[in-house]
Amino acid sequence: MGAPGNVAVQPQRVNIGQLMLLAGCMFVAMFTLTLPVAQLEEFVDRLLPAGGQDGALENTAKGLFQTAHFLAYIPFAFIWGALSDRSGKRKHILLIGLVGQGVMFALIPLVGDLWLLYVARFIEGMFSIGTVSMLMTMVLDSSPAKRRGMALGVFSLFMLLGNAAGAPLGGLLAEMNYAYPFWLGAMLLVIMAGVVLLFVRESTGVTPAYSFSKAMRVLKDNPRLYIPYAFSLLDRLTVGFFIGPFTILVRDVYGLTPSQRGIYLAVFLACFALFSPLGGMLSDRVGRARPMLLGTVLYGLMIALVGRVSPDMLFVVMAVGGLSGAVLYPPSIALVGDYAGPVQRGVAMGGFNLAGSIGFAVGPVLFSLVADAYGLLASPLVAGALCLVAAGIAAPLILRRDRLERASGELQGVVGET
């Protein structure tokens, strides 16, 4: 038994003030992460022989710069989560993540050696996953189960808006100096660390695990977590189609200019972001299973239609695709909180983020290989088919669980009345 001060007190309602603070912090984290994206070629080229005139070498160097960041997620997604579960405290790891990433963002433009740059990027990724995982876990901790979907929907809105806003501003700053996007990000992260220190409170709904190894046994203790992990992997895998072959496909099939391609992608992202709270609230009302399955099927069908409809109808396809993504994503995060108890929630969320990162890293390569082997129009078909197959496999598993939980809730209600 722990001390009385360590006993978890589950929240009865969503603390809107704390939710908005955490969501705002996630906006800054995603905004900062995407600030340097628009100038990665030029940023890496300056450290390559002959200024990156070898195109193959340039592509490899840029890919390694991105890979070094996500490579850090593999061990540290679990390590940070397990450490927070062991202590029952999230805030100190969130502060370490924000300050550490801020320091690395300030130092990265000063690195003058390519291999040292990769090392610095790995260390920055180590702190980045600590920030992201702790923020998502703290939202789970501070939300009652029946309102968890709504809270995560609002959180996803801010996360996606941060993703969308960072790259355009970073591109403008990079035209003045390649270091400016990194230094603006460093400043914002340190400022946000001060906000967290002063205003964000630890949730009372966390039970310390007291053991690092106990926290790390999350998948053995809760094998159902493979379901939301699979959906996280699938979601980020199919995003690889949109950041990979999509732009080439719509250029060749529809003759779209870069600005027109950006408009179509903006429609998709805007609908994904703006309807995420609705998707979360829907999952609170009808359960996680049906929104996830419906959203996945609709999402897959919309992806499969890319390149096979008129330019005007493509706007509809992108809008409905974004809406269906908003319906499936918040419930999949909420399932992590439903399946993992307070003792292992941190490491469980780390696994969710790791699965998504693997999908994000593999997706562009996978769908580019499909396009090269079978033609551009094969890529959306494969992406859509993966969604439909995943929904078909997952349906009996999560629908059965949903029926059992509803039956259990009704039985408890009857017992309570008697």
Quiz item: If only atom types and distance count, is the side chain of T238 paired as donor or acceptor with the main-chain N or O of L234 below 3.5 Å?
Solution: yes
Quiz item: Is there a donor-acceptor pair under 3.5 Å between the side chain of Y264 and the backbone N or O of P311?
Solution: yes
Quiz item: Are the side chains of F241 and V306 in touch, meaning some heavy atoms are under 4.5 Å apart?
Solution: yes
Exercise. State whether the side chain of S379 and the backbone N or O of V370 hold a donor-acceptor pair below 3.5 Å, judged by distance alone.
Key: no
Quiz item: Should D141 and R345 count as side-chain neighbours, where that means a heavy-atom distance under 4.5 Å?
Solution: yes
Exercise. Spell out, as yes or no, whether a donor-acceptor pair under 3.5 Å connects the side chain of R261 to the backbone of L256.
Key: yes
Practice problem: With sequence neighbours excluded, tell me which residues meet ring-ring contact (aromatic ring centres under 6.0 Å, His included) with F78. | Solution: none
Quiz prompt | Polar side-chain atom of Y229 near backbone of A348 as donor-acceptor pair, under 3.5 Å | solution = yes
Quiz item: Between the main-chain N or O of M126 and the side-chain N or O of W80, is there a donor-acceptor pair closer than 3.5 Å?
Solution: yes
Quiz item: Is there a side-chain contact between L184 and L169 (heavy atoms, below 4.5 Å)?
Solution: yes
Practice problem: Can you label the angle between the Y329 ring and the F352 ring as parallel, tilted or perpendicular, going by 30° and 60°? | Solution: tilted
Quiz item: Would a 4.5 Å heavy-atom cut-off, applied to side chains only, mark L98 and V190 as touching?
Solution: no
Quiz item: Are H69 and F65 close enough, and set up right, to give a ring-ring contact (aromatic ring centres under 6.0 Å, His included), and what steps lead you there?
Solution: CA-CA 7 Å; H69 175 89; F65 183 77; 8.7 Å; no
Practice problem: Please examine the side chains of S128 and Y73, heavy atoms only from C-beta on, and report whether any two atoms are closer than 4.5 Å. | Solution: yes
Quiz prompt | Main-chain N/O of L140 paired to S143 side chain as donor or acceptor, under 3.5 Å | solution = no
Quiz item: For the side chain of T32 and the backbone of A29, is there at least one donor-acceptor N/O pair under 3.5 Å apart?
Solution: no
Quiz prompt | Minimum side-chain heavy-atom gap M302-V317 below 4.5 Å | solution = yes
Quiz item: Can you tell me if N353 and S133 form a side-chain donor-acceptor pair at under 3.5 Å?
Solution: yes
Practice problem: Classify the angle between the aromatic ring planes of Y118 and W115 as parallel (below 30°), tilted (30 to 60°) or perpendicular (above 60°). | Solution: perpendicular
Quiz item: Looking only at atom types and distance, does a side-chain atom of E202 sit under 3.5 Å from a main-chain N or O of R90, one as donor and one as acceptor?
Solution: yes
Quiz prompt | Side-chain heavy atoms of L189 within contact of V99, under 4.5 Å | solution = no
Self-check item: Parallel, tilted or perpendicular: rings of F70 and F360 (30°, 60°)
Solution: tilted
Exercise. Using a 4.5 Å cut-off on heavy atoms from C-beta on, say whether the side chain of N163 contacts that of L33.
Key: no
Quiz item: Can you tell me if OH on Y226 sees more than 12 non-hydrogen neighbours from other groups inside 6.0 Å?
Solution: no
Quiz item: Can you list every salt bridge (charged side-chain N to carboxylate O under 4.0 Å, His left out) pair that touches residues 119-133, not counting sequence neighbours?
Solution: R121-E124
Quiz prompt | Residues in ring-ring contact (aromatic ring centres under 6.0 Å, His included) contact with F182, at least two apart in sequence or another chain | solution = F43, F105
